[in-house]
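Working notes, structure below.
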Amino acid sequence: MKNFRYIGKETSRPDAPDKAAGKAHYIHDLQRPGMLYGKIKFSDHPHARIKHIDTSKAERLSGVRAVITANNSPEVRFGFLRDNFALKKDKVRQYRDELAAVAAIDPDIAEEAIELIKVEYEPLPGLFSPHEAMKKGSPLIHETDSQGRPRTDNLVPLQYHHESGNLSAGKRAAKYMAQGEFSTPRVQQCCMGTAGCLAEFDMNSNLTIWAKTQIPFLAQRDFNRALSDMGLNDKNTRVIVPALGGGFGTGLDTHAYEYIAILLAFQTGRPVKIVYTRDEEFAYFSPRQSSTTKITQGCGQDGKLTFREVEVVQDNGAYTSWGATYPSVMMMPATSLYRVPSVYFNAQLVYTNNTYCQAMRGYGNPEHTWALESNMDELAGEAGIDPYDFRMINCNKPKETTPMGLKVSTCGLKECLQTVAKKLDWKKKSKKGKCRGKGMASLIHVGGGGRIYRSDASGLILKLDDFGNVNAYHGGVEMGQGLHSVLTLGIAEALGVRPEKVFINPLDTSTCPWDVGTHASRGAFMACNTAILAANKLRDRIFELSEELFPQEVEKNLEKFIKKNPGYKPPDFDFIKAAKRERFDLKDGSIFIKDAPREPWLSLDLGRLLRAIHFRTQGQMLATEVFYDPPNELPDFAKGFGNISSTYAYGTQGAEVEVDTETGEVKILRMVAAHDVGKVLNPPALKGQIYGALAQGIGYALYEELQSEKGKILNPNFRDYKIPTAQEMDFPVDLEFIETNDSFGPFGAKGVAEPGLVPTAPAIANAIYDAIGIRIRDLPITQEKILAALKKLKEAND
Amino acid sequence: MRRFDYFRPKSLKEALELKKTIAGAKFISGGTDLIVQIKNRELKPSALISLRFIPELATIEINGGARIGALVTISDILQHPELGHNYPVLTEAAKSLGSVQIRNVATIGGNLCNCSPCADMALPLLVLEAKVRLQSAKASREVPISKFFKGPGESCLASNEILTDILLNPPHNKAKATFLKKGRVKVDLAIASLALLLEMEGGICRKARIAAGSVAPIPLRLSKVETLLEGAAVSEDLVSKAQHLARETVSPITDVRATEKYRRQIVGVYVKRGLEKILGQSLA
Amino acid sequence: MKTEISFILNGLEVDVTVDGHLRLIDVLRNMMSLTGTKEGCGKGECGACTVIVDGRAVNSCLYPANEIEGKSVTTIEGLQMPEHKLSKIQQAFVDHGGIQCGFCTPGMIMSAKALLDSNPNPSDKEIREALQGNLCRCTGYVQIVEAVKRAARQLKSKQ
């Protein structure tokens, strides 16, 4: 294995000192001269015709600079299926529909003005369950599609289907079967920094928007389209991404509030900032989709899976975001986690009058793995096989092609399973008297990009300056995950400079190369692949120029050196003859000849070389750009086939829990996580990704749920929506990284941002089952549900 | 946030005077509940009259019993060695209230005057049979804490009165008390909570005081359960009856935090666990 | 109604005129341009706005500005050492991976400082309790707790 100088070493993040000092600037901290504060009036009904909006009182309020509605502003359409509008004109389809917006000189006045807006509605019957909304004859949530064609049902027109092998043969071959219906709730991403943006037009009507986004370039496309809708043809948007305050999928779409800020900024001619309060974020921002999954699996006497049948129904909410493509990811574990010869998968998304949903870390995978890995334990139980052994029997292997056509390069699943079993003392059963139990669950996830758009590419520009500094311009978003940290290390390693000489520039669509977005755990994988490509290009150029300049500069070195060290005899080495491009190397900012004697004068500082070429006659400066589109395919999701990622990440997590059978409380005693990460790039950053994801997984498993009643969010605050604190995480977490050194991965690494939360909930559920014999199939596994199930079990036994 | 004026009187007299003259004014102590209610637009006061600049309201006095000023913060209570020694149930409850940041600002008087059914400090005070002193411009009265709460957000405090002190009887040397609280996570409003005080003599329960939170419109004394226990030997059978009675006595609601059913179950479990904790034996 | 208030901010005396409804966080962020203190929920649930008032960690989003009269306030900006250096606690967060998106970080560090000022040798449990009012969605707290432990050790060895 290659010896790395920076990759894999404990390194602190370049952005950490400013964050520790409170000097990182988030949307919340940005100010522009003349800036106004925008605020939105949301709907008071989940489904209603809008009869009249009275904004007169708000307009008269001192300090208000603009009040807009769909009636006095251009129609701006947006969304994955373009089924949403910045401001709603005819009808509202969810409680959070935007009806009007205000720009005022301070946030308090804006808030007061919103309270003065009165809306008359004609309520319509609401649909709050996807199963109900699917029924023929249900009231229509959207009467027409985005083209204006009439619609006849509430099904979202997206197809996710897969069939492989021979399902009926698989069923016939099954000696044991297990079936279960599993559900997952809407949960909130809970970025600590709430959503917001700042929009400003210049006098040429070009837009600059500071946005909390993970897709600056797709956002640029969306916003440019909105500018056209506003009659501003051929105008451009510049998207600038400040410190994010967390992403977790919330930035994969453009949002109504962004279009509203744009409309208000255009109308007032002043910069307009909209920042959601926490309550607004909970009630009026898109959470993770809820889903129900019906799964049946079967295995033979030998424990080998013979088939898997999956039906998913997802509550899309009232409009469609990129989150509607969750099934494209669900398909991956459904077809490819463990070896299964026959698979049936179908997913249907349904419009309802609930809040519309969007992406969240894992993107359908936690939802599906919840069902699959719970059901694996059920099937193991049916077959009388230990759940660990059962997983080992069906374990994926390197170099296999799965039923979906995923081309597995490296696969560390076996090692992950073994590690967890070992660390959890799997075969040593927990003390039953105390209601303790152990459980495990595994995962597969995209680890080499994830093509859900026609391009899955990222670019990088490297610009060298007179001082040997490397200025990097990259389109990936640092949202806290540590992208800038690994990009810095990747550039330093690949180019041969010290990390302190690498500067990652702020993300700005006007300076950075296009990038599809920071999602699908692709950030580090893509960034470091671009770093290697760009570094190689630069090194070629540097070594080419060194042929010419190295001898003359080293000659000067030698003269100086002899002056300082009289009597020095240089070794017998013809560096002029040796100065050939293929013989050069660059390390820590120093150019040298690989096979030359290590003499202090016999190397050239990169900065000096750069100055030498800059300031000679017809001088030049070095910069390079690369664009990397990984070797993967955009699957045909209606057929359920295609190699969506160039490599896949695997992992297994195990939990030991103790259940209080009188209160239903679950205490996690310890957790073990083993992840196939390809190669560890930066240990503290990687650990942070897994620890953090695990905490989210625990919240998902045990208490997180965005509750709603007839479309209204009931717990829009941290008082009622609980996420883990340091006290909830008070148990040992044993992490182990399996390094499979993937050939597609930069330095061997795979993407690992999402996997950490994917198997957490089923691992805990399986441990609870082991402890008390209770199988909860709907998340979260609250204390109440456990207690109710225990009671039911007791009644059945009595 | 909505605009309001802010006053910082230096004396009770001045505070009561301001309250009388400014329509729509509210008193503020720690404000950790009040400011949230204003943000939620549940309250729209024209002005807030702070009690934090009235020095005598923030003192603790040990005088055989104890007098705790209404403006004493929860952290102050936790850091007061004699209070902790004499009334450990009070510190148990104080520890469970909010987070560090909240406890550093929230006051015992504020916790009571907010009149939430889940008020953590109410339960130990109920089982300790504390009194509260209510002061108006003209008079002062002492009210047993069990008569203070009238409903969610409602107390017997008149609009021209300030709760100034909490008065505790001298600790009884045979009495032992404990506090139990169930949340979804550690820092949470109680789904259900319980304080229990017991005086035992020769295996017989001489006195029982039980109070439960989040299971009725007010922090509730479970008098029927107390009566059942008093004068009896605490047996497994009796405990089972007490649990049953506790579950029957309470009238919880279902909300986003828990169902009515679960709250009842927890009250029952906590009656048993409280007794077990005090008696140091298993009663399962 | 406006009130003049005087208080000590990061060691320096300041005077400001505030409206009744303003909170300490409004004074810090909007009037003093000290944006290191973050507003994560505005309701005292997340702790991103934590500052130290007279030695105690408080949520500046629930703290009426008027109440700051005569008190001493320390914000994250007040922790910075001369010559652009971070304090030991801040440096420990940097060194031990306790920072991801960074939005909770200033508040988290202020809670840690309040703890270590009063309890230089906290147990793991005490650290977790001291941070119970500070939500973090990125880190899972493991490296944060580690950072506070390291900071405690370093602060002690300095003495």
Side-chain angles (χ1 to χ4, degrees), chain A residues 10 12-13 15-26 28-29 31 108 189-194 243-248 275 277-279 281 478-482 682-685 687-696 698 717-719 723-730 733 735 756, chain C residues 19 21 29-30 33-48 75-77 79-80 84 86-87 89-109 124-125 127-145:
Chain A
E10 297 270 337
S12 65
R13 304 161 52 118
D15 54 344
D18 273 359
K19 286 174 172 171
K23 288 184 175 174
H25 295 136
Y26 303 81
H28 316 71
D29 307 323
Q31 292 278 340
D108 293 337
Q189 297 83 355
C190 295
C191 300
M192 292 318 298
T194 52
L244 222 60
F248 310 123
V275 171
T277 64
R278 180 59 59 186
D279 293 41
E281 176 114 343
E478 169 60 81
M479 46 197 162
Q481 81 280 40
N682 181 359
K687 284 182 206 162
Q689 283 291 289
I690 305 292
Y691 288 137
L694 207 70
Q696 291 180 354
I698 285 166
N717 50 57
F718 283 127
R719 187 188 68 185
I723 66 171
T725 74
Q727 287 185 302
E728 275 64 53
M729 292 299 289
D730 191 8
V733 182
L735 289 192
Chain C
D19 283 318
H21 71 292
R29 288 180 56 86
N30 303 339
S33 295
L34 296 178
T35 53
T37 302
K38 306 297 178 195
E39 183 157 4
C41 74
K43 294 189 177 172
E45 298 282 350
C46 81
T75 69
I76 190 72
E77 289 87 353
L79 262 55
Q80 195 177 311
H84 243 71
L86 295 173
S87 67
I89 302 178
Q90 289 168 306
Q91 193 60 47
F93 271 68
V94 172
D95 292 344
H96 300 290
I99 299 171
Q100 289 192 30
C101 89
F103 203 85
C104 77
T105 307
M108 196 71 79
I109 288 174
D124 199 272
K125 198 165 168 254
I127 293 171
R128 288 175 190 277
E129 186 178 316
L131 303 179
Q132 64 181 188
N134 293 81
L135 299 179
C136 168
R137 192 58 152 171
C138 298
T139 65
Y141 308 98
V142 179
Q143 289 151 301
I144 288 177
V145 172

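What you see is a predicted model; the values in this text were computed from it and never measured. All values below were derived from every heavy atom in this structure, side-chain atoms included, with hydrogens, water molecules and symmetry-related copies excluded.
Neither the backbone nor the side chain of A:N682 comes within less than 4.5 Å of any heavy atom of chain C. Neither the backbone nor the side chain of C:N134 comes within less than 4.5 Å of any heavy atom in chain A. In this structure, the portion of C:Y141 lying under 4.5 Å from any heavy atom of chain A is its side chain and not its backbone. For C:I109, the part lying under 4.5 angstrom from a heavy atom of chain A is the side chain only. The parts of A:Q689 that come within reach of chain C are both its backbone and its side chain, each placing non-hydrogen atoms under 4.5 angstrom from that chain. Contacts of A:M479 with chain C are made by backbone atoms alone, with heavy-atom separations under 4.5 Å and no side-chain atom involved.
Using a 4.5 Å heavy-atom cutoff, the side chains of A:M192 and C:K38 are not in contact. Here the side chains of C:E39 and A:R278 are not in contact, with every heavy-atom distance at 4.5 Å or above. Put simply, the side chain of A:K19 does not reach to within 4.5 Å of the side chain of C:V94, judged on heavy atoms. Residues A:R719 and C:K43 have side chains not in contact (no heavy-atom distance under 4.5 Å, counting atoms from C-beta outward).
Looking only at heavy-atom pairs under 4.5 Å with chain A, the residue among C:G40, C:G36, C:G42 that has the most is C:G40. Of the listed residues (C:R137, C:H96, C:K125), the one with the most heavy-atom contacts under 4.5 Å to chain A is C:R137. Put simply, of A:A16, A:G692, A:S12, A:A726, the one with the most heavy-atom pairs under 4.5 Å next to chain C is A:A726. Options A:T277, A:D18, A:V275, A:D279 differ in how many heavy-atom pairs under 4.5 Å they form with chain C, and the most are formed by A:D279. Ranked by heavy-atom pairs under 4.5 Å with chain A, the first of C:L86, C:T75, C:L131 is C:L86. Interface remark: of the candidates C:I144, C:T105, C:T139, C:T139 forms the most heavy-atom pairs closer than 4.5 Å to chain A. Annotation: maximal heavy-atom pairing with chain C below 4.5 Å, among A:A695, A:G22, A:C191, A:G688, occurs at A:G688. Between chain A and the residues C:C46, C:G102, C:C101, C:S33, the largest count of heavy-atom pairs under 4.5 Å involves C:C101. The greatest number of non-hydrogen atom pairs below 4.5 Å with chain A, out of C:S87, C:C104, C:C41, is found for C:C41.
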- Message: Working note: C:Q100 + A:R13, criterion side-chain contact (heavy atoms from CB on, under 4.5 Å); need CA distance, chi angles, decisive distance, verdict.
- Response: CA-CA 9 Å; C:Q100 289 192 30; A:R13 304 161 52 118; 4.0 Å; yes
- Would you please test C:T35 and A:H28 for side-chain contact (heavy atoms from CB on, under 4.5 Å) and show each step? CA-CA 9 Å; C:T35 53; A:H28 316 71; over 6 Å; no
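The backbone N or O of A:N717 lies less than 3.5 Å from no partner atom in the side chain of C:E45, so there is not a single donor-acceptor pair. A:Q727 places no side-chain N or O within donor-acceptor distance of the main-chain N or O of C:Q132, the cut-off being under 3.5 Å. Judged by distance alone, with hydrogens and angles left aside, the side-chain atoms of C:R128 form no donor-acceptor pair with the main-chain N or O of A:T725 at under 3.5 Å.
Nearest heavy atoms, C:C138 versus A:F248: SG-CZ, 3.7 Å.
For A:A243, the side chain to side chain contact (heavy atoms under 4.5 Å, CB included) criterion is met by A:A24, A:Y26, not counting sequence neighbours.
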